[in-house]
Amino acid sequence: MAVVKANAYGHGLVATASTLTAADAFAVARIEEGVLLREAGITHPIVLLEGVFSGPQLAEAAHRDFELVVHDPSQVALLEAQGRGRRFIVWIKVDTGMNRLGFRPEEFPQALARLCSLPIPPREIRLMTHLARADERDCPMTAEQLARLQSLIDALPVHPAFAGPRGRPVLSIGNSAGLLGWPAARGDWVRPGLALYGVSPFPGELGTDLGLVPAMTLESSVIAMRQVPRGETVGYGGTWRAERNSTIAILAAGYGDGVPRHLRSGAPVLFPTGRGVLAGRVSMDMIAVDVTGLPGVRVGERAILWGATLPVEQVAEYAETIPYELICGVSQRVPLELR
Ligand SMILES: *Cc1c(COP(=O)(O)O)cnc(C)c1O
């Protein structure tokens with residue numbers, strides 16, 4: 001299932017889902033995201049990764065034919081209170097160690113029993129878990145989580161609501177890091193998000209190292225050029241000081257567009273003729289870039305903040321964050337252009 005939550009990680013929800021027609025299903029975090037997909041005419045199965053939280057949401061999910069993750073007893077209660085309605089595909093979330101969402105193995109039998117005796121029984125019951133440290137290739141925690149899941153499955157009764165082989169439930173385990181790094185974590189359904197967009201979930205590795213193609217390029221253009229004499233500062237707080245007479249290009253991209261405010265001076269910005277570096281604090285609508293000695297930079301010139309030629313994984317390091325936050329953070333005012 002293609003994970004398209006958070007506006008498809010900043011790539012445009014409907015545009016992305018309309019492009020990923022080969023996906024077997026889409027996964028979203030919020031019911032509103034699923035509704036937008038249905039309203040755009042997407043007929044694929046849609047999984048609500050956090051399920052529903054109220055009676056009206058449950059009714060909407062029934063109306064829109066969403067699959068539900070159930071991770072909390074309150075969600076079982078919502079299904080029990082459902083008078084008439086749809087037979088859902090229900091994914092029971094098992095907490096195998098992430099300690100975020102899901103039933104702990106000792107709570108699982110009761111949740112399963114309640115779901116099996118619903119007035120409107122599920123069309124199918126599947127199992128989902130989430131890995132906490134799959135992006136650490138040498139960490140033993142993933143194997144421990146898989147072992148906990150396996151012992152839970154081994155103890156399950158054969159049940160007609162399970163549609164996997166030998167009366168077992170269909171499983172979904174791995175996100176991008178699980179899928180790429182842990183073959184044992186693939187299960188029946190994988191849930192890649194980041195990797196779909198060509199970005200590496202592993203620290204210190206690039207999407208291209210993994211054979212992926214980065215999908216997003218964030219571009220801006222130069223709206224002013226200036227010469228800054230040695231010793232003067234640039235931008236709010238005067239945090240960057242020219243160590244030489246410097247040529248500064250002002251780009252029309254700031255934290256209002258999703259350029260992180262904590263991007264450090266020195267972060268690379270790519271022009272057609274080479275790299276400039278961020279000079280001073282990111283403003284809401286602009287950044288200043290030191291392009292001293294770089295030929296051909298003038299008003300109207302295009303520049304790349306991240307993309308295929310400037311890996312977002314590397315830019316994220318200059319903001320002390322992960323590439324997820326950069327691509328998800330591209331704001332609504334940035335026009336999307338499909339290429
Ligand atoms: C966001 C999310 C994913 C996708 O994670 P990536 O690291 O982007 O691949 C998978 N499963 C769940 C439950 C999620 O919330």
Side-chain angles (χ1 to χ4, degrees), residues 1-13 16-17 20 23-34 37 44-53 66-72 75 89-103 126-137 139 141-142 145-146 149 169-183 185-207 209-216 311-313 316 321-330:
M1 60 182 82
V3 181
V4 292
K5 62 189 178 184
N7 197 29
Y9 291 52
H11 295 70
L13 174 65
T16 300
L20 296 177
D24 295 307
F26 292 110
V28 294
R30 306 274 187 265
I31 191 168
E32 293 82 359
E33 297 170 317
L37 290 175
H44 290 64
I46 294 176
V47 180
L48 302 184
L49 289 173
E50 292 159 20
V52 292
F53 301 94
F66 295 151
E67 300 178 15
L68 300 179
V69 168
V70 169
H71 58 78
D72 188 86
Q75 296 177 317
I89 291 178
V90 169
W91 294 84
I92 307 183
K93 184 91 174 259
V94 185
D95 180 6
T96 52
M98 174 85 173
N99 272 312
R100 191 176 62 178
L101 294 184
F103 299 95
R126 301 177 179 170
L127 257 58
M128 183 180 288
T129 195
H130 195 56
L131 301 171
R133 301 182 67 176
D135 58 329
E136 297 169 67
R137 289 186 182 272
C139 177
M141 183 160 178
T142 296
Q145 287 194 262
L146 293 176
L149 183 69
V170 165
L171 294 179
S172 178
I173 308 169
N175 55 2
S176 296
L179 162 63
L180 293 167
W182 303 86
R186 290 192 183 151
D188 302 296
W189 286 82
V190 289
R191 307 189 306 274
L194 194 68
L196 283 178
Y197 308 100
V199 180
S200 166
F202 302 108
E205 293 177 50
L206 302 179
D209 297 334
L210 302 165
L212 304 174
V213 181
M216 177 189 289
V312 67
E313 295 92 333
T321 188
I322 51 175
Y324 291 82
E325 193 179 355
L326 266 55
I327 60 177
C328 288
V330 173

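Remember, it's 1-based here, ligands and their atoms both numbered in the order they're listed.
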Residue pair L49, V3: steps toward the side-chain contact (heavy atoms from CB on, under 4.5 Å) verdict: CA-CA 9 Å; L49 289 173; V3 181; 4.3 Å; yes
For V3 and ligand 1, does the shortest N/O to N/O distance drop below 3.5 Å? no
Look only at the side chain of N7 and the backbone of Y9, and say whether a donor-acceptor pair between them is shorter than 3.5 Å. no
Min N/O separation K93 to ligand 1 under 3.5 Å: no
Ligand-side contact atoms (ligand 1) for residue partner P192, heavy atom cut-off under 4.0 Å: 9 (O)
Starting from atom 8 (O) of ligand 1, what is the nearest protein heavy atom, named by residue and atom, and what distance separates them? Y9 OH, 2.5 Å
Closest approach of H11 to I327 (non-hydrogen atoms, all atoms of both residues): CE1-CD1, 3.9 Å
Provide the number and element of each atom of ligand 1 under 4.0 Å from a heavy atom of S176. 6 (P), 9 (O)
Sub-3.5 Å donor-acceptor pair from the side chain of E313 to the main-chain atoms of G204, do we have one? no
Which atom of V94 lies closest to which atom of T129, heavy atoms considered: O-OG1, 2.6 Å
Can you find an N/O atom of G193 closer than 3.5 Å to an N/O atom of ligand 1? yes
Below 4.0 Å from ligand 1: does a non-hydrogen atom of P201 turn up there or not? no
At under 4.0 Å between heavy atoms, is it the side chain or the backbone of R191 that contacts ligand 1, or both, or neither? both
Given that the side chain starts at C-beta and the backbone is N, CA, C, O, which of these parts of K5 lies under 4.0 Å from ligand 1, counting heavy atoms, or is it both or neither? side chain
Examine distances only and state if a side-chain atom of R191 and a backbone atom of A2 form a donor-acceptor pair shorter than 3.5 Å. no
Quick check: does any side chain N or O of D188 sit under 3.5 Å from a backbone N or O of L171, one acting as donor and the other as acceptor? yes
In terms of side-chain heavy atoms, does R100 have a donor or acceptor partner in H71 at a distance below 3.5 Å? no
Would you mind checking which non-hydrogen protein atom is closest to atom 7 (O) of ligand 1, with the distance to 0.1 Å? Y324 OH, 2.6 Å
Would you mind running through ligand 1 and noting each atom that sits below 4.0 Å from a heavy atom of H130? 10 (C), 11 (N), 12 (C), 13 (C), 14 (C)
Subset of ligand 1 atoms that lie under 4.0 Å from at least one heavy atom of L194: 6 (P), 8 (O), 9 (O)
W91 and W189 aromatic ring geometry - parallel, tilted or perpendicular at 30°/60° bounds: perpendicular
What part of L49 sits under 4.0 Å from ligand 1 if we count only heavy atoms: the side chain, the backbone, both or neither? side chain
